[in-house]
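Numbers restart at 1 for each chain; the letters A, B, ... are given by sequence-line order, proteins then strands.
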Amino acid sequence: MIPAPDKRLRFDPLALDLEDAPRSFFRRDTILVAKDLIGAWFTRHYRGAWYGGRVVETEAYLGTGDAAAHSWKGRRTPRVEPMYGDGGLLYVFFIYGMHYCANVVTRLPGDPQAVLLRAAEGPEGAPVRLLSGPAKLCDALGVTRSASGLDLVAGGRFRILVPGGRRPSIGVSPRVGVDYAGEAAAWPLRFFDRTSAAVSVSRG
DNA sequence: CACATGATCGCCT
DNA sequence: GGCGATCATGTGG
């Protein structure tokens, strides 16, 4: 069973003019998806109510040629399997013995790329830093291993809702915590909302 | 089977 | 900016 989300993340999607991102949104180029997820809402439907936050920080993981990606060199294990699925799946992994991180799978089946959700802003009234980090985001929304592989598109419990119109000003930097990845550690694949106070670490 | 390590965080200095 | 908490996962024997 998936843990309950933090009550402070409850919100009303109807008040925000949001719509479900379609499959085609996720099948696009991973860097484009990572940028377009800034400003989108990562949401969870739980016991008749909606919970979630507006994504303000992401990282692109580019698949078999990216030394920082779990699918580097085609590595394919039960854990990583959702990355090999269709764009729009959720990929959750456990790290450091105590934390989970959530990724949105991109591209087509067999092309294991994804976008890590690093930080979000909760609805009005929620503590500013409640979702400011990939593990905190998962903790607050109740995202655990059992959510890995779920489809974000099929009208299920977890969804990505995108706003119309205006786009935030987006900053770019290298990814966090991937120093081991050689040349790939310097690639500019972290994206964030320049105006958000909820961005997890320094603003490169 | 055993072991090394990590897409982290918060607390300490 | 260093460190400990704490364990699934992958790799190698």
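Side-chain contact between A:Phe158 and A:Ile2 is present, with heavy atoms from C-beta onward closer than 4.5 Å. The closest side-chain heavy-atom distance from A:Leu152 to A:Leu89 is not below 4.5 Å. Counting heavy atoms from C-beta on, the side chains of A:Leu18 and A:Val162 never come closer than 4.5 Å.
The gap from the C1' atom of B:dG10 to that of C:dA8 amounts to 22 Å, rounded to the nearest Å. B:dT5 and C:dC3 are spaced 16 Å apart, taking the C1' atom of each and rounding to whole Å.
A straight line from CD of A:Glu81 to P of C:dT9 spans 14 Å, rounded to a whole angstrom. Distance A:Ile95 CD1 to C:dT6 C1': 13 Å, rounded to the nearest Å. Taking atom OH of residue A:Tyr91 and atom P of nucleotide C:dT9, one finds them 9 Å apart after rounding to whole Å. One interatomic measurement links the two molecules: CG of A:Asp139 to P of B:dG10, which rounds to 9 Å at whole-angstrom precision. B:dA7 atom P lies 12 Å from atom CH2 of A:Trp72, rounded to whole Å. Distance, A:Asp179 CG to B:dT8 P: 10 Å, rounded to whole Å. The interatomic distance linking A:Phe93 (CZ) with B:dT5 (P) rounds to 18 Å, in whole Å. Atom NE2 of A:His99 is separated from atom P of B:dG10 by 8 Å (rounded to the nearest Å).
The phosphate of B:dT8 (OP1 or OP2) has a side-chain N or O of A:Arg118 nearer than 4.0 angstrom. Within the 4.0 Å cut-off from OP1 or OP2 of B:dT5, not a single side-chain nitrogen or oxygen of A:Tyr180 is found. OP1 or OP2 of C:dT11 lies within a sub-4.0 Å distance of a side-chain N or O belonging to A:Arg75.
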- Query: So what does the secondary structure string of DNA chain B come out as, 5' to 3', with Watson-Crick or wobble pairs under 3.5 angstrom, [ ] for crossing and | for pairs with another strand?
  - Reply: ||||||.|||||.
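The listed nucleotides are B:dA7, C:dG10, B:dC9; the one nearest the side chain of A:Val80 is C:dG10. Checking B:dT8, C:dG10, B:dA7 against every side-chain atom of A:His70, the shortest atom distance belongs to B:dA7.
Residue-level contact check: A:Arg175 touches neither bases nor backbone, having no heavy atom under 4.0 Å from any strand. A:Phe94 comes within 4.0 angstrom of sugar-phosphate atoms only, judged by non-hydrogen atoms across all strands, and of no base. If you check every strand for non-hydrogen atoms under 4.0 Å, A:Ala68 touches a base.
The distance from the CH2 atom of A:Trp187 to the CZ atom of A:Arg175 is 7.0 Å, given to the nearest 0.5 Å. Taking CZ of A:Arg157 as the reference point, atom CG of A:Leu90 lies at 10.5 Å (rounded to 0.5 Å).
Stacking annotation: A:Tyr96 is not stacked on the base of C:dA5 (requires ring centroids less than 5.5 angstrom apart and an interplanar angle below 30 degrees).
At distances below 3.5 Å, not a single donor-acceptor pair connects side-chain atoms of A:Arg8 with backbone N or O atoms of A:Pro123. In this structure, A:Thr58 contributes its side chain and A:Ala34 its backbone to a donor-acceptor pair below 3.5 Å.
Residue order along DNA chain C, read from the 5' end via each residue's closest nucleotide, puts A:Met98 first among A:Met98 and A:Arg145.
Here the rule is side-chain contact (heavy atoms from CB on, under 4.5 Å) with A:Tyr91, and of A:Leu150, A:Leu116, A:Val80 only A:Val80 fits it.
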